[in-house]
Structure formats: structure tokens, C-alpha cells
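Right, one structure below, let's go through it.
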Amino acid sequence: MAQQPKSQLNNSQLERMVEISRILNSTTNVDTLLHTIITEAANMTGAEAASILLLDPQTRQLHFRAASNSMEPGMLNTAVPLDNSIAGAVFQSNRPAIIADVSREPRWNENVDKAIDFQTRSILAVPMHDVERPVGVLEALNKQEGAFTTADVETLSTLADIAGVAVEKARLIEELQLAYNELNELDQVKTDFIAVASHELRTPLAVIMGYVSFLRDEASPDMAGHLDQVMDASQQLRALIQDMLNLRYTDSGDTPLQLKEIDLVTLVRDMVMEKEEVMRSRQHTVTLRLGKQPLWAHIDPEKMGQVLSNLLNNAAKFTGTGGRIEVAVYGQGSEAWFRIRDNGMGIPSDKLERIFKRFYQVESSLNRRHEGMGLGLAIARELVLLHNGRIWAESDGQNGSTFYMVLPLTQR
Ligand code: ADP
């Protein structure tokens, strides 16, 4: 069996390495990380300074990303070619190099020294890797006493290994954060547009509804039937616009709640009665499971009514004609649990959380058979959270869906 080379790190150096590894792994800001690495690199090798060069995968050049003496801003990101440079050679050969006297080294590029007003005499350079690839070069500059030793090579290489993985991890986190911010910005643009558009739609719709109801009063029975249809469609449109407007309220974070002491059993019974027409039109059978005791909670009845209405509409909408829908509310400890179960199309398990995100709909908008904008559940969740509650969905993806909502009961 091949013998592992014996580590030259002594106990206190090993302890320090473990500590550094802990610090590096808990730092997610790349610049802070790089700064910590160079400080430690200089300290642990007894060098005057240290610097890090990272590979730009596009240009395939190394760039200075940090150095321990004050680097001019323009110097950061200065490109060092892979060919004909000390760092480039270390990177490409994937081996450390000790340059005891740079003045005798033909690949030494003194422009860097000039730019940062530093005089390099000796260099110890080691490659930095992430888990599998080289990502850059870590350099210790000017050994303060004597010359760089093989022990320094080992110290710096170990540090470079820990640092490489930490830098790559931090870089990925920064990229993710950036992508997340971009998505949020896009979301905001969409939300702003919807807020403006819905506001503009409301006024003409109110005029239409006003005239329809006026004409309805004067109309012949035949005509009245047609006007009823216009009114129904207008009411649907108004509900959609209301959803769009609600986004703005929940967004600003100060949705005014009109809290009242309400019996949730009555609230559910009333809501289900309100949906009778919708359920009948789709030939659904609705079973109500309500306890005899009232369940008192401090809630905004209009907002909670809106949440329940949305859950019931969805159950009706995403269940084929003649479906079975069960609605229950019951007390569990200090909470009220609502359960709305249907035997409809179900929700794939990887979408159970996403359906609570704005605009998300399981069916793509191109082949949608159901109306709606994908806002109902997002608004529902925000409203439930405002009531210190929870809402989630369960489904095996084919045999219907069950939505749960939990609200705190009033302590009596
Ligand atoms: P909308 O109903 O306007 O599309 P929602 O936010 O209320 O928006 O719902 C988001 C998505 O969640 C729906 O488009 C649908 O894909 C899925 N969904 C919601 N409720 C159900 C349900 N009971 N059964 C199956 N899918 C559902």
C-alpha cells in the first residue's frame, strides 16, 4: 500500500487550519472570504503579503481578486496571462512553485509591483482548486525570515484547498442570490403592471355594470335573460380585477385587517351555501363536516371568506363534472383546522408548494382549460399568514387534492 506522505503541519497549525476552515465555510460573501484567505496565507507562512488570482473561465486569464497590501482599485481584475507568468505556470502545471529571488526569474512581471507600489522579492505560489477543477492561484510574497520552506508549501497548499472550495461555494451562492434578485425584480414589474392595469379596468367595468343593471330594470323578459348573462360575466371580471388589486394590498404589507370575533363553523357554512350555485352547475356533491360547537377566532371575516371562496372555487374548477367535495372545520388544541378535499385532477407532489407562488399554474397558460390568473392561492397564503395561520396542500398527483388551513382560536 502506498504510504501517505507525513504531514509537516504541527498541532497548532492543524488546529488553526480547522478554525480557518470553519470561518471560511461560514462566510458567504466572496470578498470577505478572499480577504480572510490572504490574511491567513501571509500569517501562516510568515510572509509580508499575499494575493489571490482567480481564473476567468471566459477569457481563460488569471485576474487579481485580492491582495493584502492596499491594491489600487484598477489593479483588481488585472489580467495575468496563463502563458509566460509565474501564476500561469503554477495554474497550468497544477504544482506549487517557490521563486526565491524574482529578479532572476524571466517570467516575473514587475508591472504588477509598480501598479500596487510593492516590491516583491520572493514568491511561494500554489494552485487553488474547488472540488474538482483548478480555480486560481494563491501566492505568499516575501518571506520575512529566511526562505520559503517545504513546510510553507504544505501550509499554503492546505489553505488553498480549503479556500478553493469555500470560494466556489460562495460564488455559487452569490450567483443564486443574483438570479433570485432578478426574478424578484421581474415579479415586481409584473405586479406593478397588474396593479396599474387593474385600477384602470375598474372604472369602465363599474360603468358597464351600472348601465346593465339600469337596462335590466327596463328590459323585456327575453332581454332580461341576456342582460343577466352580461351581468354574470361582469361579476366574474370584477372578481378577477379584485384579485389583481388585492396583490397591491398584500404587497405593501399593510393590508388593513378588520378583526372581529367570528364563529368559524358559521363562516364555513355560509361560504359553502354561497357556492351552491357553482357546485350545482358542475353537478358536484358537497359534504359538510361541521362540529356542533362554535369555533371562535379573531379574524377578518371578509378576508377569510375570500380565502375560503378561493379554495372552494378551485375545488369546483379542478374537479371534473359530478365530483365529490368535502369541507370540514374542527378544533384541534388551540387551533381551528379547515380541510377542503376534492376528488379532482390532483396536484403533482413537486408543485404542492409552487401553487402558492404568484401567477403559478400547474397547467401551462397555452393549454389551459380553466379560467384564473394563478393569484388566488398566493393571496390566500398571504392573508392566512397575516392571521398567524398556515395553509398548504396535499395530493398524490392523481386522486384529488386536499387543502388545509389552520388558524389560531381565541383563548377563552
Ligand atoms: P388559479 O385558480 O387562478 O389558476 P390559484 O392560485 O387559485 O390560481 O391556483 C394556482 C394553481 O394551483 C391552479 O392553476 C391549479 O393548477 C392548482 N390548483 C389549485 N387548487 C387546485 C385543486 N383543488 N386541484 C388541483 N389543482 C389545483
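Start at 1 and go down the list; that is how both ligands and their atoms are numbered. In this chain, numbering begins with 1 at the start of the sequence shown. Remember, it's a predicted structure, so these values are computed and weren't measured experimentally. Computation of the quantities below employed the complete heavy-atom set of this structure, encompassing side-chain atoms and omitting hydrogens, waters and symmetry-equivalent molecules.
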What part of [X] sits under 4.0 Å from ligand 1 if we count only heavy atoms: the side chain, the backbone, both or neither?
{"X": "Leu375", "answer": "backbone"}
{"X": "Asp342", "answer": "side chain"}
{"X": "Ile347", "answer": "side chain"}
{"X": "Phe356", "answer": "neither"}

Out of curiosity, is [X] lining ligand 1, as in a heavy atom under 4.0 Å away?
{"X": "Gly374", "answer": "yes"}
{"X": "Lys351", "answer": "no"}
{"X": "Ser395", "answer": "no"}

- Task: Taking all non-hydrogen atoms of both residues into account, name the closest pair between Arg324 and Asn343 and its distance.
- Result: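 Looks like N-OD1, 2.8 Å.
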
- Item | Contact summary for Val384 and Val406, nearest pair of heavy atoms |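 Looks like CG1-O, 4.4 Å.
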
Could you tell me whether [X] and ligand 1 have an N or O pair separated by under 3.5 Å?
{"X": "Met373", "result": "yes"}
{"X": "Phe403", "result": "no"}
{"X": "Tyr360", "result": "no"}
{"X": "Gln361", "result": "yes"}
{"X": "Ala378", "result": "no"}
{"X": "Leu377", "result": "yes"}

- If only atom types and distance count, is the side chain of Asp228 paired as donor or acceptor with the main-chain N or O of Met231 below 3.5 Å?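 The answer is no, because no donor-acceptor pair under 3.5 Å joins these two groups.
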
- Donor-acceptor under 3.5 Å (Thr319 side chain, Ala316 main chain):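 Not at all, since once roles are kept as given, no pair shorter than 3.5 Å links the two residues.
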
- Counting heavy atoms not belonging to His35, are there more than 12 under 6.0 Å from its NE2?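 No, not enclosed.
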
- Pair Asp31 + Arg65, salt bridge at N-O below 4.0 Å: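 Yes, charged N to carboxylate O under 4.0 Å.
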
